[in-house]
2 protein chains.
Amino acid sequence: MSRVTIAEVARKAGVSPTAVSFTFNRPSELSPATVRRVLAVAEELGYAPNPHAKALHSSRAGAIGMLVPEDISDAFANPFYAPFVRGVGSICDELDLSLMVVSPHEGSLEKGITKAPADGFIVLGAGEKHPDVSPLYRRRVPFVIVDGDAEKAPSVNVEDEKGAHEAASRLLARGHTDILVMTFLNPRSQLVEAPFHDIASRRQSGYMRAFEEHGVAWGEAPAEAKQCSIEGGDERMKAAWSDGHRPTAVLCAADALAFGVLLAAEKRGVRVPEDLEVVGFDDVPEAALSRPALSTVRQPIREKGRIAARLLTEALDGGGSSPRSIVLPTEWVPRRTTL
Amino acid sequence: MSRVTIAEVARKAGVSPTAVSFTFNRPSELSPATVRRVLAVAEELGYAPNPHAKALHSSRAGAIGMLVPEDISDAFANPFYAPFVRGVGSICDELDLSLMVVSPHEGSLEKGITKAPADGFIVLGAGEKHPDVSPLYRRRVPFVIVDGDAEKAPSVNVEDEKGAHEAASRLLARGHTDILVMTFLNPRSQLVEAPFHDIASRRQSGYMRAFEEHGVAWGEAPAEAKQCSIEGGDERMKAAWSDGHRPTAVLCAADALAFGVLLAAEKRGVRVPEDLEVVGFDDVPEAALSRPALSTVRQPIREKGRIAARLLTEALDGGGSSPRSIVLPTEWVPRRTTL
DNA sequence: CTAACATACTAAAAGCCTTTAGTAAACTGT
DNA sequence: ACAGTTTACTAAAGGCTTTTAGTATGTTAG
């Protein structure tokens, strides 16, 4: 019933367990005949080294973890994740690693990170000062922060504030005064005092600065979608309408929300961009394909994933070098949801 | 430098390693005072049990593997994966498991499965008879097959042939005679003789049956995209045009391809659906949002992921029950890319 | 006051592999 | 024919935890 072990192979092949281990790891130490025999027996028995035992010994599991700030199921509702995973995955493919998606077990990032058998982690959406992240420093597991402030750990970020500022400026320059700003709830930020610089609030401050510069009142708090997803944006837009809001433009802190807004507008017969201009943030691949094509702020998502993974693998085997904080540029991408 | 071990905590707390283990796993065996003391020391030292050692002992890593048939980076170019991961992830969230994405290391599914520290695997896109999959039976690792034939292992599939047949019939019923059929290359099917029932060929046979029924010549081999992605579809469509093809409709074996076709048509000024009708397969979330909205065959992707994960976790801890083969229904979803 | 039993804790084994240090045999050179 | 080396292999330790079986103390009951 149980797995085939090295001892069984050794016994059946008439050699020591060491010889079996050598067969797989250092065949040059053995005579070709022995290697062949052991290989044949291993094949016959269906033996493969137990990855846990291997990892225990080498402290290498051959997997890197991606710690998402919410349930896996919710996270992947955000189209941001697919290209990000492609970026991280490209490094995994190169280095023959697996990619482990870990969510905060029982609500705690720290629990997730200590339970999961990964060699290191890419922590998404929570800065170094976040109460859930700071304990990770004492753990010996290397990690890199993505979309969060960091000094002690390597990090990858984009020009959120600047990109958001530009997007808002474009809209304001055309004279809009009733702009609905839609952000999303960071599932981790509930736990922590302001100012907590998650991407939603960074983008929000970019919008605010533009509003100030254009002398447009910021109004109350922005509309906050429950989830950063198409549904989340759709529902939040509907709620805004029910509350009597009739904005002439919507600034969305994520493309996913913008897609939801597009859908909500369509259902209501509101024409985009004539009656309602819509702007997103991220430039996920779907943005070029949406109906109408979405005007948005591009961040190099795949590149971000690649760099994060690269930084992590460097920390994993080089280790020593000083932590690098990388900030990637954003770019305004006008398409068809703006005039 | 290295991780804090149970022994260090034990020494510092003045107890045996057993007591430390009990503190975390069976605190009722210890006096409350001891538990508190050990906990304090553990906290101070930043100790957490080594997941590899734990996994070695319990043969449980707390992770389920998703074995994709190609590089991770290529796989996630297909919008099918996001909702599928959401489905699998919902079970992981429920059961506090991590989700491990594993690609065929060095080209071999078997290698991937034996290297990755996961408790079981969801194998995508390769049937039981596939030469890469059959050796897995001898390994003691439980797995479930998705989108592949299986008798001995549990499996989840959809009515590929039937769904494809319906899609083709709708098109043919309107009198099209020059339909471009676009499928994609299954990265694993290269290795194996026909008939290998991957989803691309299942869908293809559905198309063929409809062609026969309508007395329309099937022509040569269908157009095969290099990758099941938007780019793949785009490029393949361009190539078809360069070759002088001027179809009045395109049947795509995946939505991803259809999106590519839409983009290619737009660039060329071909109107959809007036000049070119386009049909996809999958009904990924983007299909409702594309320009124009995509007519397609729905398969319940998230449900598929949920069921696969459920089947796997059942095999993981119940084990005994007979393997179940589940076939999910498909449904024709007309939108705006067909007349 | 002793047998029976909890309670609080520990020593040692088991889980499976890799690696280090070492042995026995075969070979080399003189 | 013998010291020195290489080849082919093995025993045992180590990596970190959990669990089983057991010990020492204290408590209760008869």
Side-chain angles (χ1 to χ4, degrees), chain A residues 1-39 41-42 45-63 111 114-119 139-141, chain B residues 1-39 41-42 45-63 111 114-119 139-141:
Chain A
M1 198 70 255
S2 80
R3 257 185 104 105
V4 183
T5 80
I6 203 171
E8 294 175 54
V9 179
R11 189 151 28 79
K12 187 137 185 180
V15 294
S16 72
T18 309
V20 178
S21 176
F22 281 172
T23 302
F24 288 94
N25 302 308
R26 290 149 62 185
S28 66
E29 311 263 311
L30 262 32
S31 79
T34 308
V35 169
R36 267 196 306 278
R37 186 154 35 93
V38 172
L39 242 26
V41 174
L45 261 40
Y47 167 78
N50 180 325
H52 303 314
K54 219 166 162 159
L56 173 57
H57 191 269
S58 65
S59 345
R60 281 297 189 114
K111 279 234 178 79
T114 53
K115 258 186 74 167
D119 298 329
R139 301 274 125 93
R140 312 297 194 160
V141 189
Chain B
M1 199 68 252
S2 80
R3 256 184 107 104
V4 184
T5 81
I6 203 171
E8 294 175 54
V9 179
R11 190 152 26 80
K12 187 138 186 179
V15 293
S16 71
T18 310
V20 178
S21 176
F22 280 173
T23 302
F24 289 94
N25 302 308
R26 291 147 64 183
S28 67
E29 312 262 312
L30 263 31
S31 79
T34 308
V35 170
R36 267 196 306 278
R37 185 155 35 95
V38 173
L39 242 26
V41 174
L45 262 40
Y47 167 78
N50 180 325
H52 304 314
K54 218 167 164 158
L56 172 58
H57 191 270
S58 66
S59 347
R60 281 298 189 113
K111 278 236 179 78
T114 53
K115 256 188 76 166
D119 299 328
R139 301 274 125 95
R140 312 299 195 155
V141 189

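Here is the naming used below: chain letters follow the sequence lines, and residue numbers restart at 1 for every chain. When reading the values below, keep in mind they use all heavy atoms of this one structure, side chains included, and skip hydrogens, waters and symmetry mates.
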By nearest-heavy-atom nucleotide on DNA chain D, the more 5' of A/T18 and A/P32 is A/P32
Between B/N25 and A/S28, the residue closer to the 5' end of DNA chain D by nearest nucleotide is A/S28
When the distance from CZ of A/F22 to C1' of C/dA21 is rounded to whole Å, what number comes out? 11 Å
Rounding to a whole Å, what distance do you find between A/K54:NZ and C/dG15:C1'? 17 Å
Does B/T34 reach a base, just sugar-phosphate, or nothing at all? Heavy atoms under 4.0 Å. sugar-phosphate
Check whether any side-chain nitrogen or oxygen of B/S31 sits under 4.0 Å from OP1 or OP2 of C/dC9, and answer yes or no. yes
Calculate the interatomic distance between B/N50 atom CG and C/dC16 atom P; express it in whole Å. 17 Å
Rounded to whole Å, the NE2-P distance (B/H57 to C/dA12) equals 17 Å
May I ask you to say what B/Y47 touches in the nucleic acid, namely base, sugar-phosphate or nothing, with a heavy-atom cut-off under 4.0 Å? sugar-phosphate
Calculate the interatomic distance between B/H52 atom NE2 and D/dG15 atom P; express it in whole Å. 15 Å
Between P on C/dT18 and CG on A/L30, what's the gap in Å once rounded to a whole number? 13 Å
Separation of C/dG22 P from A/E29 CD (nearest whole Å): 16 Å
From D/dT17, D/dG15, C/dT10, nucleotide with atom closest to B/T5 side chain: D/dT17
For B/L56 and D/dC16, what is the distance between atoms CG and P respectively, to the nearest whole Å? 12 Å
